[in-house]
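Notes for the one structure printed next.
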There are 2 protein chains.
Amino acid sequence: MGPSVERRPPVMADVARLAGVSHQTVSRVLNDHPNVRAETRTRVMRAIDQLGYRRNLVARALVTKHSRTLGVVSFDTTLYGPASTVYGIEQAARDAGYFVSIVSLRTIDRAGVNDAIGYLAEQGVDGIVVVAPQRSAARALDDLPAGMPAVAVEGWHQGDVSVVSVDQVEGARLATSHLLGLGHETVWHVSGPADWLEAEGRCEGWRAVLTEAGRRVPDLLTGDWSPRSGYQAGKHLAAMVGDVTAVFVANDQMALGLLRAFTEEGVKVPEQISIVGFDDIPESEFFSPPLTTIRQDFGAVGRRSIDVLLRQIESSESLPHERLVVPPQFVRRGSTTGVR
Amino acid sequence: MGPSVERRPPVMADVARLAGVSHQTVSRVLNDHPNVRAETRTRVMRAIDQLGYRRNLVARALVTKHSRTLGVVSFDTTLYGPASTVYGIEQAARDAGYFVSIVSLRTIDRAGVNDAIGYLAEQGVDGIVVVAPQRSAARALDDLPAGMPAVAVEGWHQGDVSVVSVDQVEGARLATSHLLGLGHETVWHVSGPADWLEAEGRCEGWRAVLTEAGRRVPDLLTGDWSPRSGYQAGKHLAAMVGDVTAVFVANDQMALGLLRAFTEEGVKVPEQISIVGFDDIPESEFFSPPLTTIRQDFGAVGRRSIDVLLRQIESSESLPHERLVVPPQFVRRGSTTGVR
DNA sequence: CAGGGTTGTGTTAACGCTCACAGTTCTTGC
DNA sequence: GCAAGAACTGTGAGCGTTAACACAACCCTG
């Protein structure tokens, strides 16, 4: 019946017409430009919510060349660590007025990360955070699109990109020293999978402390971060009670697996074997026994990485790349005790 | 020295010039339109990667009115459930060629969800998934921008928006029936916080089974999903061993808290009290004892919700809203046993 | 009350792409 | 060998916004 049945969403020009001003004035009101008469401003505002107008950020991005969107590339955001980091990133970004577009990789390799970065670049993100805990993934940062601001989280410090990470080596030192300080002859280690930078860092810290103290460095056991792999390592270690009195496990989930294996084999924790984990997942405090562990402040890592990235985006020239390190924190609970 | 030092990223016109064709032909190659001579196509392709050209999806979105981006609004993506759901959503979306822009709320209320939806709408998303496990949040879906395709996950089925969820009531029935089937007189319940739809559904299923079997419905205990709240409930229940022989806990994290409290109080699981959890987080299998629980297939929920949403986006007229239910799965482990 | 600045507003041209349509060239059949 | 159609390619406009500039109206100050 009416002149046009199909209703398209209102645009700036519609608001302008209704308010009796030019579209540019509407734009000025929206970007709260100073030089608009108060009376005009309210007239425009009234027109805006009369029409239910929302500005089209896509059109805006086209002309300003800024989408106010950040890209995040991560791996398996189902895990507590990545999930918390991404959460921290998202919060910090939104507080700064940015959107977050996320790509969560199933498997992580250079090609995959590169693709993801490419997609995000096409989409016009202003900067990219790569949560790149593996060597192979971190290497993908070498071929970023020219001029794309980026920051690596838990990545490698080589190459010319800023990195924000928890000090893994220090965390491992805390864990290992704690156990030696309790009087244990040496400390065993169940590490994360090869190629993971975090696994390497934790292994390095553990080995360093033992070496510095002149202790025997036992054979390394390797898991894949899963409770199951910890369980398997635990079965292996349980067979060596007496020889093994202290274990530093590279994450809390594997530590849970160890705990389970020890329970099954009748090995008492901490009486016969002390265990230290890493991460401090929310569950750790309620393991039996509650787990002594190293807390990583993932939220802080996320926030810091956004700080670095935004500084890079908002300054015109390219800043020198920095390396930010968030300290880990030792959390003493019931899974460790001194030797008799 | 050169004509221009400042290098701006190449655009379609640059590619066209280099390949000796019009910008439109470049566009056709990019969108693999059929009517382009093979020779022309390769010439354009060569020009594209000679210049390192990437198309500008923002400009494309401006004219097509489709950003190929989906918005996701969620609450605390640090928790295993939401994190897994969002992961499933992201995977499914990317497989379908869509980006995902995520907004993760700190606190969840109608205003917050509304704001988030507003932001996403401005940004030009083609559709929105709201992971709205609370009544208050679900209600925000009532005032969606007109014509915006949307789907609720774990939400309320009222209002005219499609909903995808795990059948919470059925899950609770499975858990409760299992315990009754083992010969327990009745089953206690530690529920999630009020206002959470999942908590309500689980409570409803539990109560229904007890009522149908003509059993006494014990006082309800309420937690907040955290292990700590489970621990507190556990302390309370431990004081009533003998009276209490079976507990259905609304999630695995709280179940862990119960387990810890029972261990401290010397209550044996499952010998004195049987426990069933909900979620099947990766840790549950390695609790002591391994937890009998109800598995939710979060990945499936994510995928299904994207299916529904894309169908809505890609069909021009508005489809009737549907209600998709993903069945839960009972997982028997060591935390439950029959009464002597 | 002339002239310089400030303040408020409008006009026009991009931004980089796709769509609609108008050409052009190549097939094909008789 | 030539019309008729199919296959390919080019031209121009426009998506909704901001930037740059132009211009009007108003304030001062001397």
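Sequence lines set the chain letters: A, B, ... in the order given, protein chains first and strands last, and positions in each chain run from 1.
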Going by atom types only, do [X] and [Y] share a side-chain donor-acceptor pair under 3.5 Å?
| X | Y | value |
| --- | --- | --- |
| B/Thr69 | B/Gln123 | no |
| B/Ser101 | A/Ser101 | no |
| B/Arg106 | A/Gln91 | yes |
| A/Arg55 | A/Asn31 | yes |

Worksheet item: What residue pairs, at least two apart or across chains, pass salt bridge (charged side-chain N to carboxylate O under 4.0 Å, His left out) with a residue in residues 18-28 of chain A?
Response: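 For residues 18-28 of chain A, and leaving out neighbouring residues, there are no salt bridge (charged side-chain N to carboxylate O under 4.0 Å, His left out) pairs at all.
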
Worksheet item: Do the side-chain N or O atoms of A/Ser27 get closer than 4.0 angstrom to the phosphate oxygens (OP1, OP2) of D/dT18?
Response: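 Yes, A/Ser27 has a side-chain N/O under 4.0 Å of OP1/OP2 on D/dT18.
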
Discussion item. Taking only side-chain N and O atoms of B/Lys65, does any of them lie within less than 4.0 angstrom of OP1 or OP2 on D/dG16?
Written reply: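 Answer yes for this pair, as a side-chain N or O of B/Lys65 is under 4.0 Å from OP1 or OP2.
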
Worksheet entry | Within residues 33-56 of chain A, residues whose heavy atoms come under 4.0 Å of DNA chain D |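 Per residue number, the list reads A/Tyr53, A/Arg55, A/Asn56.
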
In whole angstrom, give the distance that lies between atom [atom1] of [X] and atom [atom2] of [N].
| X | N | atom1 | atom2 | value |
| --- | --- | --- | --- | --- |
| B/Gln24 | D/dT11 | CD | C1' | 9 Å |
| B/His23 | D/dG10 | NE2 | C1' | 8 Å |
| A/Arg8 | D/dG14 | CZ | P | 14 Å |
| A/Leu30 | D/dT18 | CG | C1' | 11 Å |
| B/Asp32 | D/dC8 | CG | C1' | 16 Å |

Worksheet item: Would you say A/Gln134's side chain and A/Asp195's backbone share a donor-acceptor pair under 3.5 angstrom?
Response: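 Not confirmed, A/Gln134 side chain does not pair with A/Asp195 backbone.
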
Discussion item. Please determine whether the number of non-hydrogen atoms from other residues, nucleotides or ligands lying under 6.0 Å from atom OH of A/Tyr119 exceeds 12.
Written reply: no

Worksheet item: Do other residues, nucleotides or ligands put more than 12 heavy atoms under 6.0 Å from the CE atom of A/Met148?
Response: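 Yes, enclosed.
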
Worksheet entry | Pair B/Arg94 + A/Asp115, salt bridge at N-O below 4.0 Å |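 Salt bridge absent between B/Arg94 and A/Asp115.
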
Item to complete: With heavy atoms under 4.0 Å as the rule, sort A/Val21 into base, sugar-phosphate or nothing.
Response: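 Here A/Val21 touches the backbone only, sparing every base.
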
Discussion item. Judged by each residue's nearest nucleotide on DNA chain D, which is more toward the 5′ side, A/Leu62 or B/Gly20?
Written reply: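 Looking at DNA chain D, the more 5' nearest nucleotide goes with B/Gly20.
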
Item to complete: Name the first nucleotide and the last nucleotide along DNA chain C (5' to 3') that come under 4.0 Å of a heavy atom in chain B.
Response: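 Footprint of chain B along DNA chain C, 5' to 3': C/dG16 to C/dA20.
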
